[in-house]
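Following: one structure in C-alpha cells, then a few remarks.
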Amino acid sequence: MNLSVEELRFMYRNQEVLQDISCTVEPGEVVAVLGPNGVGKTTLLKCLNRILRPKSGAVYLGDENLLGLDTLELARRIGYVPQRVETGRLTAFDAVLIGRRPHIGWDITERDLKVVDAVFRRLSMNHLRLSYIDEMSGGELQKVAIARALVQEPRILLLDEPTSNLDLKNQVDILEIIAHIVREHGIAVVMTMHDLNQALRFGNRFIFLKDRRIFLYGRGDEITPGVIQSVYGIPVIIDTIGGQPVVVPVRGRTG
Amino acid sequence: MHFEDGLVPEDYLAYIRKKSLWIAGGVFLLLILFVISISVGAVAIPLAEVLQTLFGQNISHKWDTIIWNIRLPQALTAVVAGAGLAAAGVAMQSILRNPLGSPFTLGIANAGAFGAAFAVIVLGTGQMHSTVANAVTISNPYLTTVMAFIFCLAATAVILLISKVKGASPEVMVLTGVAISSLFTAGTMFLQYFASDAQLAAVVFWTFGDVSRASWPELALMAVIVTAGAVFFTANRWNYNAIDAGDETAKGLGVKVERVRNIGMVVGALVTAVVVSFLGVIGFVGLVCPHMARRIIGDDQRYLIPASCVMGCILLLAADTAARIIVSPYVLPVAVLTAFLGAPVFVYLLVRGYRR
C-alpha cells in the first residue's frame, strides 16, 4: 500500500512552516528527507503521524485517510522513532514491550511477548534483552528505540535522525538493520538525515526541502551538485569512491 | 508487518516473576507490621490476642474497645493514606517527568494548610484544650476539613486552567505549583500573624499530619477515593510507561499525552486532597516511597505502582507505630516520624544503587 501525502500544509501559530507538500512513498522503499537545519524535516515527519496536526492536506495509506484515524489505530500503522530517547531503569525487553501499547488492552498477552521476542531475534540483539537501558551505549539504545517502533507492527516507519550521535560502525549497523527490515517486510521508511553520504548510500528516493516546500523529490541520479548548492547554500562536488557517490563541500578547499 | 515466529521468552518471565515476589514479600511484611502496630501503644496487647480479636473472638471487652475503636482504624488509616500518597507520588513523577514530583509538588498541601488556617482563624473553629493526649483540638473538625479540601481543589483548578491555556507541559505545571505553594504559604503566614495564641497553636497542630484523626466514616471515604485513584493509575500504567520513554515516543504510540497528564494530575490531586484534608500534611511518603520502590524493582510502572503503594503503607504504618512507642505515653504526630524513619533508609538505597 502506498503512502501518499497530498497538499500538506503546516502552520506554527501564524507562521507558514510547510506548504504544498505532496509525495508518494511505495512499500519497500527508504525515503530520506534532507535539507538544512530548521527547514522543517522533523515537522514533516510529525505531520505524517499527526503528532503535529497539519493545517490542511491529507495523508493516505492505500485509500485510508490517516489523519482521520483514532490515535491508537494510527499507531498500529505508523511507527515513529524520535531524535531523543529517554532512558530509565528498565530492561531492553520491557522498553521494547512498551511499543505494544497500541495493541494492549488491559494487559499484555502471550502474542505481545512473542512479537517482542521475534523482533529481538530479527535485529540480532537477543543478548541485550535483559540489560538495563540506562546502562546502554547510544548505539544500543537506538536499536532499542527502533525495535520498539517495529513491535508496533507498522506498515510505515518514521525515523528522525536515526544515526545522529552514533559512531561510524553504529551508523552503518543501524542503517543496514533498517534496509534489511524494509526489504524483508515490505514496509516503507521515511527518515530525516543530515549526513548526505549515508543518505545517498541507503536511501532509494530523496526529498530535499527548501523554503517550506519540496525542492526536489527524486532518485539518486537526479541529485546534482547544483541541487545541493541550491538547498544547502554551499558548493559541492559529487564523486564516486568505492562505487558509492560521495558529496564533498568545496568552499573550504578553494578558499 | 508481522512477526509470527517469536517464542514465549522464559528468561524474561523469570525476571518479572522476581518482581512479583518482591511485592508479595512487601505485602507479607506489611501484614506482620499491621498486627504489631495494633498490639503496641500505651496499653500493650499480646500479639496472639490481637489476632484472635481481629478474627472475631471476644477475648476481653477492653481489647475489643481499644482495637475496634482506636487501633484498627488508625492502622488502616496509615495503610490507606500511605498507599494513596505513594500512588499519587509515583503518578506525579511520571506525569511531570520529574524525579522530584510528589503529591505536594503542585502546592496542594500548602493550599490545604491555608484552608485549615482560614477555618481556624477566620471562621473560628480552633480552641485550646488541656488534655494529656492532645494539647489542642479543633472544635469543628468538619468545617476545617471541608475548607482544607476546598482550597486543595482550588489549587488544582488553577493549575488545570493554566495548563489548558499554556499546554500541559511539565515545566508549566511544576512552576505553577511552585507559585501556588508560595502564594498559599504567604497567605497562611498572613493569617497566622493576626491569630491568637490558641488559634496559632490549633493551626500548627492541624499541619502536623496525624493518622489518628480519622474514625471509621472518614476512613471509609478515604479508602474509596484512594482505591479508585490506585485503580485509575494502574489502568494507565502503559500510558505512564510510554510517557517515561519520552513525550514524542508516547505520542508515536498513540498516547494522548496532554490528556493523560491533565486527568492524571486531577486524580492525583483528589487523592492527595482527601488525605491532607482529613489527616493534615504528611510529607516524605509521596516523594520518597516511589524512589525506594524504584531502587528495588525498577521503573516499569506495572510493578512500580503496586510496589510504591506497599512501600507507602509500610513506611507510614511503621512511622505511626514508632510515634506511639517512642515517647510513650505521649503520642507524636506521624508526620514528624516519616522523615526520621524514611530518610536513613532512602539514603542507604541511594548509596547502594539499583538492585541488579
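Note on naming: letters A, B, ... go to the chains in the order of the sequence lines (proteins, then strands), and numbering restarts at 1 for each one.
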Margin query: Is A/Leu97 close to chain B through its backbone or its side chain, or both, or neither, when contacts mean heavy atoms under 4.5 Å?
Written below: both
Check: Charged N to carboxylate O below 4.0 Å: is that the case for B/Asp11 and A/Arg129?
Finding: yes
Check: Do you know which of B/Asn241, B/Leu304, B/Thr234 has the most heavy-atom pairs under 4.5 Å to chain A?
Finding: B/Asn241
Notebook entry, point to check: Using non-hydrogen atoms and a limit below 4.5 Å, what part of residues 244-265 of chain B faces chain A?
Noted result: B/Asp244, B/Ala245, B/Gly246, B/Glu248, B/Thr249, B/Lys251, B/Gly252, B/Leu253, B/Gly254, B/Val255, B/Lys256
Next item on the list: For A/Asp117 and B/Leu7, work out which heavy atoms get closest and say how close.
Entry: OD2-N, 2.8 Å
Note to self: With a 4.5 angstrom heavy-atom cut-off, is it the side chain or the backbone of A/Leu72 that approaches chain B, or both, or neither?
What the structure shows: both
Checklist line | Atom CG of A/Asn165: over 12 foreign heavy atoms under 6.0 Å | finding: no
Item checked: Nearest heavy atoms of B/Asp299 and A/Leu90, plus distance in Å -> C-CD2, 3.9 Å
Next item on the list: Scan for salt bridge (Lys or Arg N to Asp or Glu O under 4.0 Å) pairs involving residues 181-192 of chain A, sequence neighbours excluded, and state none if there are none.
Entry: A/Arg122-A/Glu184
Notebook entry, point to check: With distance as the sole criterion, is a donor-acceptor pair present between the side chains of A/Arg101 and B/Asn239 under 3.5 Å?
Noted result: yes
Margin query: Looking at every non-hydrogen atom in both residues, tell me the closest pair between A/Leu113 and B/Leu13 and how far apart they are.
Written below: CD1-CD2, 3.9 Å
Margin query: So, taking the atom named CZ in A/Phe93 and the one named CD1 in B/Ile16, what distance separates them when rounded to the nearest 0.5 Å?
Written below: 8.5 Å
Checklist line | Side chain, backbone, both or neither of A/Leu74 within contact of chain B (heavy atoms, under 4.5 Å) | finding: neither
Check: Just checking, A/Arg100 and B/Trp238: is the charged tip under 6.0 Å from the six-membered ring centre and within 45° of the axis?
Finding: no
Item checked: B/Arg302 bridged to A/Asp107 by N-O distance under 4.0 Å -> no
Next item on the list: Among A/Leu158, A/Asn49, A/Ile78, A/Thr91, single out the residue with the greatest number of heavy-atom pairs under 4.5 Å to chain B.
Entry: A/Thr91
Next item on the list: Find out whether A/Asp94 and B/Tyr15 are in side-chain contact, i.e. whether some heavy atom of one side chain is under 4.5 Å from a heavy atom of the other.
Entry: yes
